[in-house]
Chemist: 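Before we start, here is the structure in question, set down as structure tokens.
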Amino acid sequence: MGSSQFFIEILFSPFFCFKFQFVKIPNETLGSQDDLVVLGIETSCDDTAAAIVRSNGDILSQVVSSQAELLARYGGVAPKMAEGAHMQVIDQVVQDALENANLTERDLSAVAVTIGPGLSLCLRVGVQKARKIAGSHNLPIVGVHHMEAHALVARLIEKDLQFPFMALLISGGHNLLILARDLGHYIQLGTTIDDAIGEAYDKTAKWLGLDLRRSGGPAIEELAREGDAKAVKFSTPMKQHKDCNFSYAGLKTQVRLAIESRNINAEIPISSASSEDRSSRADIAASFQRVAVLHLEERCERAIEWALKIEPSIKHLVVSGGVASNQYVRAQLDQVVKKKSLQLVCPPPSLCTDNGVMVAWTGLEHLRMGRYDPPPPANEPEDYVYDLRPRWPLGEEYSEGRSEARSLRTARIHPSLTSLIQASMQQQS
Ligand code: KG4
Ligand code: ZN
């Protein structure tokens with residue numbers, strides 16, 4: 001890497017010090033920038049995923065090992081269990097990704113891996129694996145932001161998707177509305193003040209006694225098709241807050257109370273429920289889904305107005321993250337977007353839920369801009385302290401969008417991806 005490499009050390013506060021490494025791409029290391037092949041590894045939550053993607057957008061392989069059985073057994077993600085499950089399968093998942101692509105590590109240009117946000121114990125498994133491969137094959141490594149990856153994968157499937165664009169990122173742990181001004185430059189228009197929509201789907205499914213082996217979201221989506229979405233009156237969250245933030249904790253409570261008042265017993269699986277009981281559960285599922293998604297619609301409508309004031313040239317709203325695989329969510333948001341004369345871009349379900357392709361692709365995007373770390377040492381000690389970022393915002397909050405309802409708990413939050421990249425660019429100029 002030699003002289004083209006330099007380090008920028010930034011002190012953000014007396015308590016916080018980190019290194020952000022910026023390395024220019026030496027062509028002899030990466031070969032032609034038009035023909036890069038990147039392995040992406042994702043272990044931030046409960047899926048162990050790896051994929052290999054070429055810089056022209058070809059997906060050479062994609063492997064996901066999900067912890068569905070564990071999820072069903074514990075009714076949620078238990079970090080220590082999830083870590084153990086990742087450790088059990090990570091080697092095989094990566095090996096399968098290489099074999100399915102008919103490649104070996106020697107054919108790779110770089111390794112990309114999710115370094116945050118997510119569960120530290122889980123992130124660590126992926127980062128350790130990525131650094132092992134990169135170290136033993138002298139490959140550059142790109143640390144990827146999980147939510148940026150959910151947004152950018154839309155650029156792999158929709159080649160016309162240029163910056164600036166908007167994105168609604170909806171998953172089990174996140175509910176984000178962002179304006180993507182450029183690669184690595186994001187404004188956060190809204191986020192959740194408590195739970196994310198995926199968490200509300202998962203809990204509703206658990207309380208309704210649904211089969212959680214494919215996670216709660218798909219189970220609710222399916223059952224909701226049988227129900228009457230107007231049968232149960234749930235109120236839409238945050239009506240009085242004229243911003244773009246979200247809240248799902250109150251809706252969860254409304255659902256729980258509705259279930260209790262109808263004497264639905266989650267111990268009786270839906271498959272054994274009487275037809276009357278089943279239809280009552282379906283009504284709750286449909287009514288919950290209608291209001292949960294209406295909340296998204298209302299916030300998106302306002303966010304589009306805000307975003308167009310900042311960047312009038314915006315043409316697209318990307319909807320991604322696990323919940324974006326839901327057909328009802330897509331159809332409702334399509335109507336909102338059309339009303340505002342924009343276009344909806346929704347990756348296929350396999351690229352909406354956690355996957356390695358989005359990590360490899362985001363790695364490629366940054367690699368092309370020269371943002372990556374040099375190969376780690378071949379024999380890194382087992383107890384090496386990795387740069388993991390469990391709480392890591394994507395961008396700075398839009399000033400109009402600050403919610404009084406939001407807790408200002410900022411302890412142990414990493415500086416945002418956008419601020420790190422901006423700081424490194426200022427150092428260069
Ligand atoms: O993005 P993701 O795979 O993992 C996280 O980063 O959290 O999202 C997982 C979430 C889960 O809450 C799951 O129930 C939800 O996405 N999900 C769905 C659907 N498929 C997955 N929610 C609603 N409808 C679906 N079809
Ligand atoms: Zn995710």
Chemist: Side-chain donor-acceptor pairs under 3.5 Å in residues 341-352, sequence neighbours left out?
Modeler:
none

Chemist: I'd like to know whether NZ of K309 has more than 12 heavy-atom contacts from other residues, nucleotides or ligands below 6.0 angstrom.
Modeler: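 Yes.
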Chemist: Salt-bridged, R54 to D35, with N to O below 4.0 Å?
Modeler: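 Looking at R54 and D35, the cut-off is met.
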Chemist: Do M358 and T114 have side chains that get closer than 4.5 Å, going by heavy atoms?
Modeler: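 Answer no - side chains too far apart.
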Chemist: List for me each residue that meets side-chain contact (heavy atoms from CB on, under 4.5 Å) alongside A331, sequence neighbours excluded, and say none if there are none.
Modeler: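 A331: no side-chain contact (heavy atoms from CB on, under 4.5 Å) contacts found.
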Chemist: If you measure from the Lys or Arg side-chain nitrogens to the Asp or Glu carboxylate oxygens, is any gap between E305 and K340 under 4.0 Å?
Modeler: yes
Chemist: Looking at R330 and D334, does any basic side-chain N land under 4.0 Å from a carboxylate oxygen?
Modeler: no
Chemist: Does the side chain of E148 come under 3.5 Å of the side chain of Y186 through a donor N or O and an acceptor N or O?
Modeler: yes
Chemist: Which residue in the set P117, S120, C122 passes side-chain contact (heavy atoms from CB on, under 4.5 Å) when paired with P390?
Modeler: S120
Chemist: Should the heavy atoms of other residues, nucleotides or ligands under 6.0 Å from CG of N56 be counted, would the total exceed 12?
Modeler: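 Result for CG/N56: enclosed.
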Chemist: Salt bridge or not for K239 and E298, using N-O below 4.0 Å?
Modeler: yes
Chemist: Is there a side-chain contact between Q289 and Y201 in this structure, where contact means two heavy atoms from C-beta onward sitting under 4.5 Å apart?
Modeler: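 Sidechains of Y201 and Q289: in contact.
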Chemist: Would you name the heavy atoms of S55 and R368 that are closest together and state the gap between them?
Modeler: O-NH1, 3.3 Å
Chemist: Which of these, T43, T48, D46, sits in a side-chain hydrogen bond (donor to acceptor under 3.5 Å, both in side chains) with H86?
Modeler: T48
Chemist: Looking at L103, N100, V53, which one forms a side-chain contact (heavy atoms from CB on, under 4.5 Å) with L60?
Modeler: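 The option that passes is L103.
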Chemist: Passes side-chain contact (heavy atoms from CB on, under 4.5 Å), R290 versus Y328? Steps please.
Modeler: CA-CA 9 Å; R290 188 181 76 83; Y328 178 74; 3.7 Å; yes
Chemist: Classify the angle between the aromatic ring planes of F246 and Y248 as parallel (below 30°), tilted (30 to 60°) or perpendicular (above 60°).
Modeler: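 F246 and Y248: parallel rings.
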Chemist: Under the 3.5 angstrom rule, does the side chain of Q254 hit a backbone N or O of S235 as a donor-acceptor pair?
Modeler: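 Present.
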Chemist: Enumerate, atom names and distances included, each donor-acceptor pair closer than 3.5 Å involving a side-chain atom of residues 156-177, sequence neighbours excluded.
Modeler:
{"residue": "K159", "atom": "NZ", "partner": "L156", "partner atom": "O", "Å": "2.7"}
{"residue": "S171", "atom": "OG", "partner": "H174", "partner atom": "N", "Å": "3.3"}
{"residue": "N175", "atom": "OD1", "partner": "I197", "partner atom": "N", "Å": "2.8"}

Chemist: Could you label the plane-to-plane angle of the H414 and W392 rings as parallel, tilted or perpendicular, counting under 30° as parallel and over 60° as perpendicular?
Modeler: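 Perpendicular, since the angle between the ring planes exceeds 60°.
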Chemist: Could you tell me which residues satisfy salt bridge (Lys or Arg N to Asp or Glu O under 4.0 Å) with D96, sequence neighbours excluded, listed by chain and number?
Modeler: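 By the salt bridge (Lys or Arg N to Asp or Glu O under 4.0 Å) rule, D96 matches no residue at all.
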Chemist: Could you verify whether a donor N or O on one side chain and an acceptor N or O on the other, from Q128 and Y384, lie under 3.5 Å apart?
Modeler: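 Checked: Q128/Y384 side chains show no N/O donor-acceptor pair below 3.5 Å.
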Chemist: Go through the structure and list residues passing salt bridge (Lys or Arg N to Asp or Glu O under 4.0 Å) with K252, not counting sequence neighbours.
Modeler: D195, E199
Chemist: Check salt bridge (Lys or Arg N to Asp or Glu O under 4.0 Å) between E222 and all other residues, then give those that pass, not counting sequence neighbours.
Modeler: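 Per chain and number, E222 pairs via salt bridge (Lys or Arg N to Asp or Glu O under 4.0 Å) with R214.
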Chemist: Would you call K80 and E83 a salt bridge, using N to O less than 4.0 angstrom?
Modeler: yes
Chemist: Does the D47 side chain pair with the main chain of A49, one donor and one acceptor, at a distance under 3.5 Å?
Modeler: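 Here the side-chain-to-backbone pair does not exist.
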